[in-house]
Amino acid sequence: MKALQATGTWIPKPGYEPTEREKRDRRAVSGDRIYSRPVIGFVEIPVPEPKDDEVLMRIGGVGVCGSDTTFLGADEQGYSRYAGHCRFPCVIGHEFAGEVVKVGKAVTMFKPGDLVTAETMNWCGECEACRMGMYNQCENLEEIGFTLDGAYAEYLVAKEKFCFDISALEHIYGSRSKALHIGALIEPLAVAYNGIFERGGGFKPGSDIVIFGAGPIGLSALSLAVAAGAGRVIVFEKSAARMKLAEKIGATYVCDINGLLAEGLNPGQKVLELTGKKGAEVFIEATEFQRDNIPEIERVLAVGAKVIQIGISSKTMEMDVERLQIAGASYHGTIGSAGHGIWQNVIALIAQGRVDPQIYMNPRIYTLEESLEAIEDAAKCGAGKNVVDPGLRT
């Protein structure tokens with residue numbers, strides 16, 4: 001079968017010493033520190049055979065994530081631009097849904113014909129982190145699309161215990177193909193849900209919320225915040241197309257960062273203006289530009305505020321911790337989406353019409369042969385979420 005695969009050469013950056021697990025498994029905690037000369041391209045590989053505890057699905061939708069765009073090209077030192085956990089070579093694609101076509105002999109929850117999605121984060125359940133319920137921090141973590149072959153392919157295998165039934169979406173969206181396209185957008189919603197409600201502890205209805213970034217994760221966070229009863233929701237973004245989507249989903253105010261800077265204003269000043277100088281109770285940082293955004297957030301923390309860090313960057317930054325202390329604020333690091341009933345709840349929100357990812361899904365559906373184009377288009381930060389359907393033909 002045809003698949004889109006990322007590869008690279010294991011050459012740790014000068015000054016970086018790989019961990020013991022990195023050396024043992026030839027994986028990277030952060031790909032941009034280890035994998036040189038990255039390449040992404042199509043390969044022909046065998047259709048995987050499911051093990052006893054696995055299901056084989058025919059992929060019907062794979063969402064293009066911002067992390068997928070970082071597999072394009074190299075940084076100024078010739079290293080991968082992906083700043084997360086990975087092991088090359090690997091078929092990429094971690095946001096997906098498919099139709100079960102074959103099951104292992106120990107599988108009891110699914111059968112051929114079922115529509116399913118699966119958690120990206122494959123936790124072991126045995127390490128200290130898992131025993132604490134911190135599945136996304138699993139010490140033996142594997143990730144579909146990063147260390148396990150992913151969904152830019154015709155077929156994918158996933159362990160039964162990580163799969164979820166999404167057949168209810170067929171009734172909501174009227175067709176199996178549309179249900180699978182929408183099913184590919186469950187993962188980014190689950191990432192935002194984990195940050196806001198699990199790691200961040202949620203918020204009181206009526207709270208003022210500020211979101212930096214209206215990409216797929218930021219728009220997912222916005223959708224969840226509106227559904228959960230947020231008060232004023234202020235979104236900061238640079239892309240005009242993405243700002244329109246934020247307005248459509250229900251943001252109270254959508255602010256053009258470049259426009260503010262041109263006027264001699266900064267996001268922090270705008271937050272104070274829109275909240276009557278109170279500041280906001282919840283801040284969701286969903287970009288790679290923490291160096292720019294966190295200083296703005298620190299200036300406008302309401303008493304008891306929460307800062308939820310979902311966006312990822314390997315670049316270090318300074319923080320004014322005293323501002324957090326004075327406000328009695330908390331800073332929550334979050335990554336992944338596993339466990340805690342997150343996926344079940346997200347699927348239920350979509351099935352009940354409380355959240356509709358279709359609002360920010362681009363109407364064009366790409367074929368597998370067009371998936372590189374879909375990723376390149378996403379790198380331009382256009383409007384909406386690109387979805388690839390490997391079953392489509394050009």
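We use all heavy atoms of the structure for the numbers below, so side chains are in, but hydrogens, waters and symmetry mates are not. Each residue takes its place number in the sequence, starting with 1.
- A 6.0 Å sphere centred on NZ of K51 holds no more than 12 heavy atoms belonging to other residues, nucleotides or ligands.
- When atom types are taken as modelled, the side chain of N362 and the backbone of R364 share no donor-acceptor pair closer than 3.5 angstrom.
- Remark: the backbone N or O of T69 is paired with a side-chain donor or acceptor of R81 at under 3.5 angstrom.
- Put simply, the side chain of S80 never gets that close to the backbone of G31: no donor and acceptor are under 3.5 Å apart.
- There is a side-chain donor-acceptor pair under 3.5 Å between Y173 and D356.
- For the pair K23 and W10, the cation does not sit on the ring face, since its NZ or CZ is not both under 6.0 Å from the ring centre and inside 45° of the axis.
- Looking at every heavy atom in both residues, L368 comes nearest to A153 through CD1-N, 3.8 Å.
- E281 places no side-chain N or O within 3.5 Å of a backbone atom of G304 that could act as its donor or acceptor partner.
- Taking the six-membered ring for Trp and thresholds of 30 and 60 degrees, H340 and Y135 have ring planes inclined between 30 and 60 degrees apart.
- R199 is listed as a side-chain neighbour of N194, based on a closest heavy-atom distance under 4.5 Å.
- Under a 3.5 Å cut-off, the side chain of N136 and the backbone N or O of A338 do form a donor-acceptor pair.
- Surrounding CD of E318 are at most 12 heavy atoms belonging to other residues, nucleotides or ligands under 6.0 Å away.
- Other residues, nucleotides and ligands contribute over 12 non-hydrogen atoms within 6.0 Å of the CD1 atom of I45.
- Residues N386 and A374 share a closest heavy-atom pair of ND2-O, 2.9 Å.
- Side chains of H181 and D389: a donor on one and an acceptor on the other come within 3.5 Å.
- Here the closest heavy-atom approach between residue I342 and residue A190 is recorded as CG2-O, 3.6 Å.
- Screening V210, I209, N293 for a side-chain contact (heavy atoms from CB on, under 4.5 Å) involving F283 leaves a single residue, V210.
- A salt bridge does not link K161 with E119: every distance from a Lys NZ or Arg NE/NH1/NH2 to an Asp or Glu carboxylate oxygen is 4.0 Å or more.
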Stepwise salt bridge (charged side-chain N to carboxylate O under 4.0 Å, His left out) check, R27 with E142 = CA-CA 10 Å; R27 72 178 62 240; E142 298 286 0; 2.9 Å; yes
Carefully, step by step, assess F212 and I297 under the rule side-chain contact (heavy atoms from CB on, under 4.5 Å).
-> CA-CA 10 Å; F212 280 86; I297 291 171; 3.5 Å; yes
Stepwise side-chain contact (heavy atoms from CB on, under 4.5 Å) check, D68 with H94 | CA-CA 9 Å; D68 296 339; H94 60 281; 3.9 Å; yes
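- Of all non-hydrogen atoms in V346 and I186, the two that sit nearest each other are CG1-CG2, 3.9 Å.
- Contact record, A246 with V254: CB-CG2, 3.9 Å, taken as the closest heavy-atom pair.
- When all heavy atoms of T70 and S67 are compared, the pair lying nearest together is OG1-O, 2.6 Å.
- A distance-only check finds no donor-acceptor pair linking the side chain of E17 to the backbone of T19 [under 3.5 Å].
- Considering only heavy atoms from C-beta on, F197 stays 4.5 Å or farther from N345 through its side chain.
- Two residues are said to be in side-chain contact when any heavy atoms from C-beta on lie closer than 4.5 Å; P48 and L56 meet this criterion.
- In terms of modelled atom types and a separation under 3.5 Å, the side chain of T120 and the main chain of I144 share no donor-acceptor contact.
- Counted within 6.0 Å of NZ on K278, heavy atoms from surrounding residues, nucleotides or ligands total more than 12; the atom is thus considered enclosed.
- K385 places a side-chain heavy atom less than 4.5 Å from the side chain of P188.
- Neither side chain, E273 nor Y253, offers a donor N or O lying under 3.5 Å from an acceptor on the other.
- Annotation: side chain of R21 is not in contact with side chain of E139 (no heavy-atom distance under 4.5 Å).
- Looking only at side-chain heavy atoms (C-beta outward), M319 and I294 come within less than 4.5 Å of each other.
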Enumerate, atom names and distances included, each donor-acceptor pair closer than 3.5 Å involving a side-chain atom of residues 215-238, sequence neighbours excluded.
from	atom 1	to	atom 2	distance (Å)
S220	OG	P216	O	2.7
S220	OG	Y360	OH	3.4
S223	OG	L219	O	3.0
R232	NE	D208	OD1	3.0
R232	NE	D208	OD2	3.4
R232	NH1	L274	O	3.1
R232	NH2	D208	OD2	2.8
E237	OE1	A214	N	2.6
E237	OE2	S239	N	3.0

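- Under the 3.5 Å distance criterion, the side-chain polar atoms of E285 are matched with a main-chain donor or acceptor of T287.
- The residues K270 and E296 are annotated as not salt-bridged, no charged nitrogen and carboxylate oxygen being separated by less than 4.0 angstrom.
- D75 places a side-chain N or O within 3.5 Å of a backbone atom of Y79 that can act as its donor or acceptor partner.
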Evaluate the criterion side-chain contact (heavy atoms from CB on, under 4.5 Å) for residue pair T147 and D25; output intermediate values, then yes/no.
-> CA-CA 10 Å; T147 69; D25 295 349; over 6 Å; no
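- The closest side-chain heavy-atom distance from Y366 to V64 is not below 4.5 Å.
- H85 has its side chain out of reach of V29: every pair of non-hydrogen atoms, C-beta onward, lies at least 4.5 Å apart.
- In this structure, the side chain of W343 does not engage the main chain of C163 through any donor-acceptor pair within 3.5 Å.
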Show the numbers, then the answer: is there a side-chain contact (heavy atoms from CB on, under 4.5 Å) between V282 and I196?
-> CA-CA 9 Å; V282 179; I196 298 170; 5.9 Å; no
